[in-house]
Amino acid sequence: MADGKEVGAAAQVRSIFIYPLKSCRGVSVSEAPLSSTGFRWDRQWIVVNSKGRACTQRVEPSLALVEVELPNEALLEDWEPNASSFLVIRAPGMDVLKVPLVEPSEVAHGVSVWEWSGSALDEGDEASKWFSKYLGKPSRLVRFNEVSQSRPTDPNYAPGYKIKFNDAYPFLLTSQKSLDLLNEQLKEPVSINRFRPNILIDGSDPFCEDLWKDIKIGENTFHSTELCYRCKVPTINQETAEAGSEPSETLMKFRSDKVLKTNKKPQGRIYFGQHLVWVDSLAQERKTIKVEDPVYVLKMVSSYVDVSV
């Protein structure tokens, strides 16, 4: 070991986060089982409005204050829920909501996230009333139904892979050193929770993860797809749900497509983080990654000209 990393490792896993309920607070865990659609339970649920459209922090910033809790054993590789297993949901001014982890039988049709639309499992009237009261408008809580529904990733970057209610890809990796460099330029530093990663690494140079194409985390191989371009969510304070201009204003100065991709016409996007797919998922083996797992770079590109955005 050297500087907390295995010899030859480019970095190590510092934190792992799952977000059972899309756009609500994440759960920090020491290890998590992998699947072809991301970590188990990650983005499994979503709140939808009366038209079936996804409710996210982009339009409902108060979702940042919603906390979720899973049973401790839920992240064991072979664990399955029973009648006494619940997703526990809390929010300011609200009673505690307990959602059974055993799948419901009711189906909600016409659910849509970005360009995808389909059906989902409806978590019932109690959950609907809870979120309708909290958001102040008719809402329902639904669960992705992996048995009957399929949501593919962009075939141009990750053919053959699927996701649940994730925005684009199964995993998002960010770097502590990249966040540190950003915070050096901000008047008020921000937490990594602004960027909602699944995997936070440490020990590598700032933003070197942009150039990684294939990496190995522990015993698991991942392939990068696209840099993650950021919407308004990073400008929302995850402790107060208040929106501002930072860190997007500062990121625009050195992390925009105009700066990074000088060979392409700029679209006004800013980037922070790298999307991944788990290569080994195609073998249908369930494995885990853990905090402190070493991160090895198997393949990388030499410049941003070859980076997908």
Side-chain angles (χ1 to χ4, degrees), residues 3-4 11-29 42-43 47 55-69 89-94 134-136 166-168 171-210 226-261 266-275 291 304 309:
D3 298 326
Q12 68 179 26
V13 177
R14 175 168 175 157
S15 301
I16 297 170
F17 303 97
I18 60 172
Y19 306 85
L21 179 47
K22 184 179 177 69
S23 256
C24 297
R25 288 188 177 177
V27 180
S28 178
V29 298
D42 189 53
R43 274 81 173 195
V47 180
C55 295
T56 71
Q57 287 188 36
R58 298 176 186 89
V59 293
E60 301 290 349
S62 62
L63 288 172
L65 306 181
V66 177
E67 299 179 359
V68 298
E69 179 184 335
I89 302 175
R90 299 179 175 87
M94 300 291 294
Y134 182 67
L135 296 177
N166 316 57
D167 271 354
F171 301 94
L172 175 62
L173 178 145
T174 60
S175 159
Q176 181 63 43
K177 291 296 189 294
S178 300
L179 178 67
D180 292 344
L181 181 61
L182 168 62
N183 279 333
E184 288 175 6
Q185 303 178 54
L186 296 174
K187 292 181 180 179
E188 296 184 9
V190 297
S191 169
I192 196 62
N193 63 13
R194 296 282 190 108
F195 298 99
R196 305 178 67 76
N198 295 112
I199 303 166
L200 176 66
I201 61 168
D202 199 5
S204 56
D205 292 335
F207 297 108
C208 68
E209 65 274 9
D210 293 355
E226 296 180 89
L227 293 188
C228 180
Y229 69 86
R230 313 309 307 212
C231 60
K232 66 177 288 186
V233 171
T235 67
I236 299 171
N237 186 316
Q238 298 297 295
E239 281 67 51
T240 65
E242 296 176 349
S245 61
E246 294 288 13
S248 294
E249 191 173 283
T250 295
L251 284 170
M252 185 62 73
K253 298 175 183 177
F254 73 109
R255 295 293 300 172
S256 70
D257 52 1
K258 182 178 180 179
V259 174
L260 299 180
K261 297 288 285 186
Q267 301 180 57
R269 292 176 173 177
I270 55 175
Y271 298 92
F272 193 100
Q274 177 74 271
H275 286 298
V291 170
Y304 280 95
V309 297

Who pairs with Asp210 by side chain to side chain donor-acceptor pair (under 3.5 Å), at least two apart in sequence or on another chain?
Arg255, Tyr304

Tell me if a side-chain donor or acceptor on Asp202 pairs with a main-chain N or O of Gln176 at a distance below 3.5 Å.
no

Would you say the side-chain atoms of Asn237 pair up with the backbone N or O of Thr240, donor to acceptor, closer than 3.5 Å?
yes

Determine whether Gln274 and Leu227 make a side-chain contact, defined as any pair of heavy atoms from C-beta on separated by less than 4.5 Å.
yes

In terms of side-chain geometry, is the basic nitrogen of Glu67 or Arg25 positioned less than 4.0 Å from the acidic oxygen of its partner?
yes

Count the heavy atoms belonging to other residues, nucleotides or ligands that lie under 6.0 Å from NZ of Lys258, then report whether that count exceeds 12.
no

Asp167/Arg43 salt bridge by N-O under 4.0 Å criterion:
no

Closest approach of Gln238 and Val233, non-hydrogen atoms and distance?
NE2-O, 4.1 Å

Is there a side-chain contact between Glu69 and Val27, using heavy atoms and a 4.5 Å cut-off?
no

Taking side chain as C-beta onward, heavy atoms only, is Thr174 less than 4.5 Å from Phe272?
yes

Shortest non-hydrogen contact from Pro61 to Ile236?
CB-CD1, 4.0 Å

Shortest non-hydrogen contact from Cys231 to Pro234?
O-CD, 3.3 Å

Using modelled atom types and a 3.5 Å cut-off, is there a donor and acceptor pairing between side-chain atoms of Asp42 and backbone atoms of Tyr19?
yes

Salt bridge (Lys or Arg N to Asp or Glu O under 4.0 Å) contacts in which one or both residues fall within residues 229-249, not counting sequence neighbours
none

Roughly how far, to the nearest 0.5 Å, is the CG atom of Leu63 from the OH atom of Tyr134?
6.5 Å

Do His275 and Leu172 come close enough that some side-chain heavy atom pair is under 4.5 Å?
yes

Leu179 side chain near Phe195 side chain, heavy-atom distance below 4.5 Å
yes

Would you call the rings of Phe254 and Phe207 parallel, tilted or perpendicular if under 30° counts as parallel and over 60° as perpendicular?
perpendicular

Nearest atoms (heavy-atom pairs only) where Val291 meets Ser15
CG2-CA, 4.2 Å

So do the side chains of Ser62 and Leu135 get within less than 4.5 Å of each other, counting heavy atoms only?
yes

Looking at side-chain heavy atoms only, is the closest gap between Ser23 and Glu60 below 4.5 Å?
no

Donor-acceptor pair, distance only, cut-off 3.5 Å: does the side chain of Arg196 make one with the backbone of Cys24?
yes

Residue pair Lys177, Asp205: steps toward the side-chain contact (heavy atoms from CB on, under 4.5 Å) verdict
CA-CA 6 Å; Lys177 291 296 189 294; Asp205 292 335; over 6 Å; no

Would a distance-only check, ignoring hydrogens and angles, find a side-chain to backbone donor-acceptor pair under 3.5 Å from Asp257 to Pro266?
no

Do you know which two heavy atoms are closest between Pro189 and Asn183, and how far apart they sit?
CA-OD1, 3.3 Å

The residue among Arg194, Gln185, Glu188 that forms side chain to side chain contact (heavy atoms under 4.5 Å, CB included) with Pro247 is Arg194

Is it the case that Glu209 and Ser178 place a side-chain donor and acceptor less than 3.5 Å from each other?
yes

